[in-house]
Amino acid sequence: PYAKPGHWNDPDMLEIGNGGMTADEYRTHMSLWSLLAAPLIAGNDLRTITDETKSILMNPEVIAIDQDPEYKPVTSLSSDGKIEVLMRPLHDGSVVVGLFNRTAAPAEAQFARSSLPATLTGKTTKARDLWKHDAVAMEGGTFKTNVPSHGVVLLKISAHNALPKGTGSTLCGSGAPSIAASPRWVECTPSAQPVFPTSKARHSDSKEPALSEVEGACPERSRRSLP
């Protein structure tokens, strides 16, 4: 109950890459720490780190959940001893939902869309799998998915907003990205200097762009934020 910006849960350092766990269990480990906004302290030997371990420890979308600026506590949507479904609101009105399988075999996990915050209920929503880096369809009143043994499905769910019409011929990033957060996109006015054409632009929910793609983006005076 005391967790808030400046006051963090600290369940100790990460054991990802130290052996004794599967890749699915490592992703569960990283997901839990990020939902708790815990300090992400790598406890493995960096001299022998594998590409798989790096992909887990350095997943920018999961790290962004951990470092969300308005830390709000995690709540439990359901728990039956086998499947745990946890949710945490984020500063931009979206939520992250983690579906965890505690059993020794793959299992189905689910949650009702009505259990999402009021800011999302009754709206068209979009969901993104933060480990697969891919969009996920959310249809009907209940979301269902298969979760591997001791594994997790980690979703970011937000209201779907279409890009506004008008000058939307180009998109550019409002500042350089960091490993901790994805860039916020803005729409350039005609007087702005575009970074790259729309045909090459990436959606804000896609993988982070290279630094060269967003540095020197639209001047402040000639850009306006997208919703």
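The residues of the chain are indexed from 1 along the displayed sequence.
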Straight-line distance of [X] [atom1] to [Y] [atom2], nearest 0.5 Å:
| X | Y | atom1 | atom2 | result |
| --- | --- | --- | --- | --- |
| K126 | R128 | NZ | CZ | 9.5 Å |
| K132 | L155 | NZ | CG | 10.0 Å |
| N18 | T53 | CG | OG1 | 8.5 Å |
| E84 | L99 | CD | CG | 10.5 Å |

Check whether [X] and [Y] end up in the same hydrophobic cluster, where Ile, Leu, Val, Met, Phe, Trp and Tyr are linked by side-chain heavy atoms less than 4.5 Å apart.
| X | Y | value |
| --- | --- | --- |
| Y26 | M13 | no |
| L77 | V153 | yes |
| L116 | L90 | no |
| L46 | I56 | yes |
| M138 | L130 | no |

Hey, does [Y] have a side-chain heavy atom less than 4.5 Å from the side chain of [X]?
| X | Y | result |
| --- | --- | --- |
| F143 | I157 | no |
| L40 | I63 | yes |
| E108 | N146 | yes |

Judged by atom type as modelled, is there a donor-acceptor pair below 3.5 Å linking the side chain of [X] to the main-chain atoms of [Y]?
| X | Y | result |
| --- | --- | --- |
| Y71 | D66 | no |
| R88 | I65 | yes |
| N101 | A105 | yes |
| S149 | T103 | yes |

Throw together a table of side-chain donor-acceptor distances under 3.5 angstrom for residues 28-35, partners on residues two or more places apart or in other chains.
unit_1, atom_1, unit_2, atom_2, d
T28, OG1, D24, O, 3.2
T28, OG1, H150, O, 2.8
H29, NE2, E15, N, 2.9
S31, OG, R27, O, 2.7
S31, OG, W131, NE1, 2.8
W33, NE1, D12, O, 2.8
S34, OG, M30, O, 3.0
S34, OG, V62, O, 3.4

Nearest heavy-atom neighbours spanning [X] and [Y]:
| X | Y | answer |
| --- | --- | --- |
| K123 | A159 | CD-CB, 4.3 Å |
| L120 | S158 | CD2-C, 3.9 Å |
| P11 | L36 | CG-CD1, 4.4 Å |
| V95 | P117 | CG1-CG, 3.5 Å |
| E25 | G20 | OE1-O, 4.4 Å |
| I83 | A107 | CD1-CB, 4.0 Å |

Q: Answer yes when D80 and K82 have at least one side-chain N-carboxylate O distance shorter than 4.0 Å, and no when they do not.
A: no
**Q.** D92/K156 salt bridge by N-O under 4.0 Å criterion
**A.** yes
Q: Determine whether more than 12 heavy atoms belonging to other residues, nucleotides or ligands lie under 6.0 Å from atom CZ of R113.
A: yes
Q: Take D129 and T145 through the test side-chain contact (heavy atoms from CB on, under 4.5 Å) and record every step on the way to the result.
A: CA-CA 11 Å; D129 189 313; T145 187; over 6 Å; no
